[in-house]
Amino acid sequence: MFLELKAQAISILKDAIRKVGFEIEDSELYFETSSHADLTSRAAFRLASLYKKNPKEIASRIVSAIEIPDGSYVGEVNASGPYINFRAGRHYLNRTVAAVLEEKEKFGCGAPKDRILLEHTSANPNGPLHVGHIRNSILGDTLARILKRAGHDVEVQYYVNDMGRQIAVVSWACERFELDLSRKSDAAIADVYIKANSELDKNPEYVKEIDALMENVEVGDIRTIERFDKAVFMAIAGIKETLLRLNVVHDKFVNESRFLKSGAVHDIVERIKATGRTKTDKGAIVVDLSDYGFEKTLVIQRSNGTSLYTTRDLAYHEWKAGQADRIIDVFGADHKLISGQLRATLNAIGIKEPEVVIFEFVSLPEGSMSTRRGQFISADDLFDRVTEAALEQVETRRPETAYEFKKQIAEMVGMGAVRYDIVRVSPEKSTVFNWKEALDFEKQGAPYIQYSHARACSILEKAKEEVTWNSSGKIDSSLLIEDSEIDLVKKMAMFDSIIDLAARELKPHVLAIYARELADAFNQFYRFVPVIASEDEEVRAARLALVECARIVLANSLDTLGIEAPESM
RNA sequence: GGGCUCGUGGCUUAGCCUGGAUAUAGCGCUGGGCUUCUAACCCAGACGUCGGGGGUUCAAAUCCCUUCGAGCCCGCCA
């Protein structure tokens, strides 16, 4: 809705500027949202420097030339100093309410767009997901949901490292130490992986055994491959369980090894060689990317002839490039350099490059997390404690409800809090994990938004019982005239532009902030405007429709954030 | 040592790319509000050298330079 309001404002402003004899590019209209109006233009500043005149004067001249066509979403335009302020009118508000009621869960969806292949999480199968990994999962999954709602055809993939050095260590560890099968499978893998690493540190001669395993896999030794697969399967099974609980969905899990088996890795090495930018360095093949600004060469084949993660990743990206219009990868900050080199190499051989979304690290007060050293907080551990804390809250707030209900709400609230807490901060900020903050539900986070949704549901439920109300009957939304009603409608109308912005800039946190502001607007309306107790039947119907709208947009926002929307809590 | 990212009230954080109207919000703090649709709520208040210094500009949290602090990277690991 807001996008249409803006389009109309642009057209009205351009006409007026032309009429007073100025010329300006569309990109110089300088539209922005501000607290002074629904939409503001700073075009007068630009015209002032172009025509050497006073911006205030220009603004007032333009405003006096403004003509608002009948039926426009723009209600009024005025100048405030050099600013040209646009206020949305009744048509806009009425149309927004009607659109939400018509489109329901589809409200805010964009027109069909191109196909995107998005990769996220892709953690090594050497243990359970930890709180650092889930920043990747939550960012990636929310991004996928936003892109889908924006209209893109999105496929999400998890790239499984099933043959690297770390997996060789895992496989070696599984032979050497006994797996504790009473534990979750990924946790059992981590246990032996950690033991193996300390063993390897103590006795470096074991490294030869790891090298041998990797060479066996590279040449296709069945027995070694089976051993790798078994370990990878156990870790991935556990990881999938964790992701399921987080409400994170992947369409495909793609194994690295398939690109070796298919010959794609060999082929891509040949193609890179053909560019003439490779040379041999102590028996290894390296790529010179200095013209792309990389001082260090990139190794794509070890001196013993085996491939590296990077080589297989190049083949993977070639494969992905053939299946979609855009490729998006969500990677941790440690991949900044390597992803730059990957893009440069792909570019050098004429393959579509991925767009890389980087997020900074989540560390512990005692330092950065490491599966290898056993220094991490597992996602499962966080989920258990957070839902446990949520259960305590439900028990004190809703003591009369059944245990099953409490459990269910605690899961929704706890997991929602985890997702919201992570997605609300921009990815370029590094953070330190803190139990006290992670378990705090008092702040305005997911539960606040979920609570608003439950409140809306509760009003609608009560309306069905207590008053005659036909939810599909005609309503007159012109009766919504209170400030808090108008603010709420305007906030709902912003949803499409927020989705558009978040999708265009690949920034999920703007949606998180929006959802909180929407809940805010609803709570203020709830506080100041009686719905069921409205004396006038027409007004009550209009307000009930507004509550239904708020419920829908809150639910859509939560859904796009991957957070459950409880009807009661 | 070199590269990238971050630095905004006591804590967490938006805005920075694309410079403009009193710098966003939450937690915490102070005070107020449940005989009315769920108080996981609402209202009011205090708290700011936008890390420091220079520069560009009519105008800088935003752009440029410099400096300090934190994180990440600089493997024939992933």
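Not measured: the values here are computed from a predicted model. Protein chains get the first letters and strands the later ones, always in sequence-line order, with residue 1 at the start of each.
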K.L.:
Using purine N1 to pyrimidine N3 plus N6-O4 or O6-N4 for Watson-Crick, or N1-O2 and O6-N3 for G-U wobble, both under 3.5 Å, which nucleotide pairs with B:G19?
P.N.:
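None - no nucleotide pairs with B:G19, as no candidate has both distances under 3.5 Å.
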K.L.:
Salt bridge or not between A:Asp329 and A:Lys320? Use side-chain N to carboxylate O under 4.0 Å.
P.N.:
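Salt bridge: yes.
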K.L.:
Can you list every pair that meets ring pair (Phe, Tyr, Trp, His ring centres under 6.0 Å) and has a residue in residues 35-58 of chain A, with sequence neighbours left out?
P.N.:
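Counting only pairs at least two positions apart or across chains, the ring pair (Phe, Tyr, Trp, His ring centres under 6.0 Å) contacts touching residues 35-58 of chain A are A:Phe22-A:Tyr51, A:Phe45-A:Tyr83.
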K.L.:
Counting any heavy atom closer than 4.0 Å, what does A:Asn197 reach on the DNA or RNA strands: base, sugar-phosphate only, or nothing?
P.N.:
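Since no nucleic acid heavy atom lies under 4.0 Å of A:Asn197, the category is nothing.
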K.L.:
Which part of the nucleic acid, if any, lies within contact of A:Thr306, taking any heavy atom under 4.0 Å across all strands shown: a base, the sugar-phosphate backbone alone, or nothing?
P.N.:
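No contact.
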K.L.:
Sort and list the pairs that fulfil side chain to side chain donor-acceptor pair (under 3.5 Å) and have at least one residue in residues 416-429 of chain A, not counting sequence neighbours.
P.N.:
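Listed once each, the pairs are A:Asp141-A:Arg419, A:Thr142-A:Arg419, A:Asp421-A:Arg424, A:Asp421-A:Lys443.
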K.L.:
Considering only NZ, NE, NH1 and NH2 on the basic side and carboxylate oxygens on the acidic side, decide whether A:Asp211 and A:Arg165 come within less than 4.0 Å.
P.N.:
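Answer for the salt bridge query: yes.
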K.L.:
Could you write out each protein N or O paired with an N or O of nucleotides 57-62 of chain B at a distance under 3.5 Å?
P.N.:
none

K.L.:
Between A:Trp435 and A:Phe433, how do the two ring planes meet: parallel, tilted or perpendicular, split at 30° and 60°?
P.N.:
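It falls in the perpendicular class, over 60°.
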K.L.:
Taking the P atom in each of B:C6 and B:A46, what is the distance between them to the nearest angstrom?
P.N.:
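B:C6 and B:A46 have their P atoms separated by 33 Å.
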K.L.:
Atom NZ of A:Lys507 and atom C1' of B:C17: how far apart are they, to the nearest Å?
P.N.:
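Rounded to whole Å, this separation is 7 Å.
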K.L.:
Rounded to the nearest angstrom, tell me the gap between atom CD in A:Glu505 and atom P in B:U18.
P.N.:
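Going from CD in A:Glu505 over to P in B:U18 covers 11 Å.
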K.L.:
Who does B:C37 pair with, Watson-Crick or G-U, both distances under 3.5 Å?
P.N.:
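B:C37 is unpaired by these criteria.
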K.L.:
A:Lys56: which residues meet the salt bridge (Lys or Arg N to Asp or Glu O under 4.0 Å) condition with it, sequence neighbours left out?
P.N.:
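Salt bridge (Lys or Arg N to Asp or Glu O under 4.0 Å) list for A:Lys56, sorted by chain: empty.
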K.L.:
Could you identify the nucleotide paired to B:A60, looking across every strand shown and requiring Watson-Crick or G-U wobble geometry with both distances under 3.5 Å?
P.N.:
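Paired with B:A60, as far as the under-3.5 Å criterion goes, is no nucleotide at all.
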K.L.:
Round to the nearest Å and state the distance from A:Glu437 atom CD to B:G10 atom C1'.
P.N.:
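So the CD-C1' distance, A:Glu437 to B:G10, works out to 13 Å.
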K.L.:
Take the protein atom CD1 of A:Ile58 and the nucleotide atom P of B:G20, then report the distance between them rounded to whole Å.
P.N.:
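Roughly 19 Å, once rounded to whole Å.
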K.L.:
Has A:Glu411 got a side-chain atom pairing as donor or acceptor with A:Thr387's backbone, closer than 3.5 angstrom?
P.N.:
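Not a single qualifying donor-acceptor pair exists.
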K.L.:
Nearest whole Å is fine: how far is B:U13 P from A:Glu428 CD?
P.N.:
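Answer to the nearest Å: 11 Å.
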K.L.:
Which base, if any, makes a Watson-Crick or G-U wobble pair with B:G7, both distances under 3.5 Å?
P.N.:
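Looking at the geometry, B:G7 pairs with B:C68.
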K.L.:
Looking at A:Glu355, I want to see if its CD is surrounded by more than 12 non-hydrogen atoms of other residues, nucleotides or ligands under 6.0 Å.
P.N.:
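Yes, enclosed.
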K.L.:
For A:Phe331 and A:His317, take the angle between the two ring planes, folded into 0 to 90°, and tell me which bin it lands in: parallel under 30, tilted 30 to 60, perpendicular over 60.
P.N.:
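A:Phe331 and A:His317: perpendicular rings.
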K.L.:
Please give, in whole Å, the distance from B:G20 P to A:Phe31 CZ?
P.N.:
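Rounded to the whole Å, the gap is 16 Å.
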K.L.:
Would you say the base of B:A21 and the side-chain of A:Thr40 have a donor-acceptor pair closer than 3.5 Å?
P.N.:
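Side chain to base: pair present.
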K.L.:
When every nucleotide of nucleotides 36-45 of chain B is labelled 5' to 3' by its protein contacts under 4.0 Å (heavy atoms), B for base, S for sugar-phosphate only, - for none, what sequence of letters results?
P.N.:
-BBSBSSS--
K.L.:
Do other residues, nucleotides or ligands put more than 12 heavy atoms under 6.0 Å from the CD atom of A:Glu505?
P.N.:
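Correct, the count exceeds 12.
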K.L.:
So which nucleotide does B:U13 pair with, by the Watson-Crick or G-U wobble rule with both distances under 3.5 Å?
P.N.:
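Base partner found: none.
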K.L.:
Could you tell me the separation between the CD atom of A:Glu32 and the P atom of B:C16, rounded to a whole number of Å?
P.N.:
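Rounding to the nearest Å, CD of A:Glu32 and P of B:C16 are 11 Å apart.
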K.L.:
Which parts of nucleotides 72-78 of chain B does protein reach within less than 4.0 Å, heavy atoms only, written one letter per nucleotide 5' to 3' as B for base, S for sugar-phosphate only and - for none?
P.N.:
SSSSBBB
K.L.:
Do we count A:His36 as stacking onto B:A21 if the rule is ring centres under 5.5 Å and planes under 30°?
P.N.:
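The base of B:A21 is stacked with A:His36 (centres under 5.5 Å, planes under 30°).
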K.L.:
Just name whichever nucleotide pairs with B:A44, Watson-Crick or G-U, keeping both distances under 3.5 Å, else none.
P.N.:
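Result: B:U30.
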K.L.:
Send over the distance from A:Asp440 CG to B:G26 P, rounded to a whole Å.
P.N.:
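It is 15 Å, rounded to the nearest whole Å.
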K.L.:
Please state whether the rings of A:His335 and A:Tyr309 are parallel, tilted or perpendicular, taking 30° and 60° as the class boundaries.
P.N.:
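It falls in the perpendicular class, over 60°.
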K.L.:
Would you verify whether the NZ or CZ of A:Arg46 falls within 45 degrees of the ring axis of A:Tyr30 while also being under 6.0 Å from that six-membered ring's centre?
P.N.:
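A:Arg46 over A:Tyr30 ring: no.
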K.L.:
Verify whether one side chain among A:Thr306 and A:Asn304 offers a donor that lies under 3.5 Å from an acceptor in the other.
P.N.:
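The answer is yes; a qualifying pair exists.
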K.L.:
Please check the phosphate of B:G71 (OP1 and OP2 only) for any side-chain N or O of A:Lys429 closer than 4.0 Å.
P.N.:
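Looking at the OP1 and OP2 atoms of B:G71, neither is under 4.0 Å from any side-chain N or O of A:Lys429.
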